[in-house]
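Just follow the structure's listing: the first ligand is 1, and inside any ligand the first atom is 1. Please read all numbers here as calculations on a predicted model, not as lab measurements.
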Amino acid sequence: MNLVVGAGFSGATIANLLAESGEKVLVIDKNRHIAGSCYDYRDKNGIMIHAYGSHIFHTNSEKVWNYLKKFTDFNTYMHKVIGVIDGIETHIPFNFNTLYDVFPKSYAELLEHKLLDNFNINTKVPILEFQRQDDDDLKYLANYVYDKVFYHYTTKQWGVSPVDVDDAVTARIPVYLSKDDRYFQDKYQGIPLEGYTAVIKKMLNHKNITVKTNTDFKSVDWKKFDRVFYTGSIDEFFNYKFGQLPYRSVNFKLETHNTDYYQSNSVVNYPCNYDFTRIHEYKYYLNDKSDKTVIAKEYSEDFELGKNERYYPVPNDDNANLYHKYLYEAEKYKNVYFLGRLGDYKYYNMDGAIQRAIELFEDL
Ligand code: UDP
């Protein structure tokens, strides 16, 4: 018998693959619902709410895409993000179209030419690299983008400036030397037609799987199981014996408005103003019809045990060292496997978490 702790995408994938191979699995989750941070539900207006913030599926992995397609169809939604820079609605990531939105045409043209002289078209340049410019105009542009797009947003989201977060974090949203306004360029993108909770429910709906929500890991005698797949935070498994792994958390303030649409896009970022980072408007994802709309203002904060949820591991050297201390300790338990954003302490996207679970299953 296998125990899977956590019923998000990581737990559901490993449970499903084990069940398909003929193994029995008990899946437990401390929450009242399955689907972890991908949990969504239809509210009383019929709008699909992403309870933990917008989730847009995107992947270049044919394997992950084909695996998920066994459980759901997807629409052809391709995510775009609007950012409000000094009151102007424009595109994030910063691209050639953004240049023309925020600068006078002649200056935008000059910058576009200089960019094309210095970079290949369609390249993605992380902001911290983009700042290394010799030309005065490009230097001005780089400082502008750093200040208007990255500095305040990152400070709000992570509590520190972009130079103090791991380079990989800000590199997720590069400067994009392109006219492609999409947030992701992956081959496969979309929203599952019946939402994420329905997908995970289907993955777990197997004669070999038993699911128990509202069930804390501490209430289960895990040593009785042949194998344990733990998708909770690895420090918690070890009762924080070396100290807590830091995370950032998010607080969503939901508002219902008596109007068809509140804003021009599913996500609008506010990199220069306000205390929230962005506003989500959920009815865009599945084109839900209602004369009301629901938005969520996203406020970032530190994770505090017992107060809020873990959302983002904080990648830096100290935290990597602490995580590796736990990982080393984990080697003593040959039948316990850690996976997922919290188990691996890694900033996975949904496809990355699924791929990791598939690979772990294949390596068993
Ligand atoms: N970012 C930013 N300004 C933006 C959007 C993103 O500075 O308008 C930076 C910020 O540091 C953020 C990171 O890019 O944490 C990654 O953004 P992404 O949208 O990928 O974060 P997620 O959707 O995973 O919260």
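Looking only at protein heavy atoms, the nearest one to atom 23 (O) of ligand 1 is Arg278 NH1, 3.2 Å. The single protein non-hydrogen atom nearest to atom 16 (C) of ligand 1 is Val169 O, 3.6 Å, given as residue, atom name and distance. Ranking the protein heavy atoms by distance from atom 24 (O) of ligand 1 puts Tyr347 OH, 2.6 Å first. The protein non-hydrogen atom at the shortest distance from atom 20 (O) of ligand 1 is Arg172 NE, 2.8 Å. The nearest protein atom to atom 25 (O) of ligand 1, hydrogens excluded, is given as Tyr312 OH, 2.4 Å; this is a heavy-atom distance. Here the protein heavy atom with the shortest distance to atom 2 (C) of ligand 1 is Tyr153 CD2, 3.3 Å. When hydrogens are left out, the protein atom nearest atom 12 (C) of ligand 1 is Gln157 OE1, 3.8 Å; that is the closest non-hydrogen contact. The protein heavy atom nearest to atom 3 (N) of ligand 1 is Val149 O, 2.9 Å.
Using a 3.5 Å distance cut-off with no hydrogens or angles, the side chains of Ser300 and Tyr312 do not pair a donor with an acceptor. Between the side chains of Asp186 and Thr59, no donor N or O sits under 3.5 Å from an acceptor N or O.
Taking the six-membered ring where tryptophan is involved, the planes of Tyr39 and Tyr52 are perpendicular, since the angle between them exceeds 60° and thus also 30°. The aromatic rings of His79 and Tyr183 lie perpendicular to each other, with more than 60° between the two planes, well past the 30° mark. The aromatic rings of Tyr230 and Phe217 sit perpendicular, their planes meeting at an angle over 60°, well past the 30° parallel limit. Between His280 and Phe252, the angle of the ring planes goes over 60°, which puts this pair in the perpendicular group of the 30/60° scheme. Between Phe9 and Tyr196, the ring planes lie perpendicular to each other; the angle is over 60°, past the 30° to 60° tilted range.
Proximity of Val81 to ligand 1, defined as any heavy-atom pair under 4.0 Å, is not found for any part of the residue. Looking at Tyr151 against ligand 1, nothing comes within 4.0 Å, counting heavy atoms.
Within ligand 1, the atoms closer than 4.0 Å to a non-hydrogen atom of Thr170 are 11 (O), numbered from 1 in the order shown. Interface of Ile92 with ligand 1, defined as ligand atoms under 4.0 Å from a residue heavy atom, comprises 8 (O). Within ligand 1, counting atoms from 1 as listed, the ones closer than 4.0 Å to a heavy atom of Tyr183 are 5 (C), 18 (P), 19 (O).
Remark: ligand 1 and Pro271 share no N or O pair separated by less than 3.5 Å (distance only, no angle test).
In this structure, His152 has no heavy atom closer than 4.0 Å to ligand 1.
Of the options Ile173, Thr154, Val145, Val250, the smallest heavy-atom separation from atom 6 (C) of ligand 1 is shown by Ile173.
Aromatic rings of Tyr176 and His91 (six-membered ring for Trp) have centroids beyond the 6.0 Å cut-off, not under it.
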Let me have the donor-acceptor pairs involving side chains of residues 147-156, under 3.5 Å, with sequence neighbours excluded, atom names and distances please.
unit_1	atom_1	unit_2	atom_2	d
Asp147	OD1	His152	NE2	3.4
Lys148	NZ	Asp86	OD1	3.3
Lys148	NZ	Asp86	OD2	2.9
Thr154	OG1	Phe150	O	2.7
Thr155	OG1	Tyr151	O	2.5
Lys156	NZ	Tyr270	O	2.6
Lys156	NZ	Asn273	O	2.8
Lys156	NZ	Tyr274	O	3.2
Lys156	NZ	Phe276	O	2.8

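With contacts defined as side-chain heavy-atom distances shorter than 4.5 Å, the pair Gln355/Tyr348 does not qualify.
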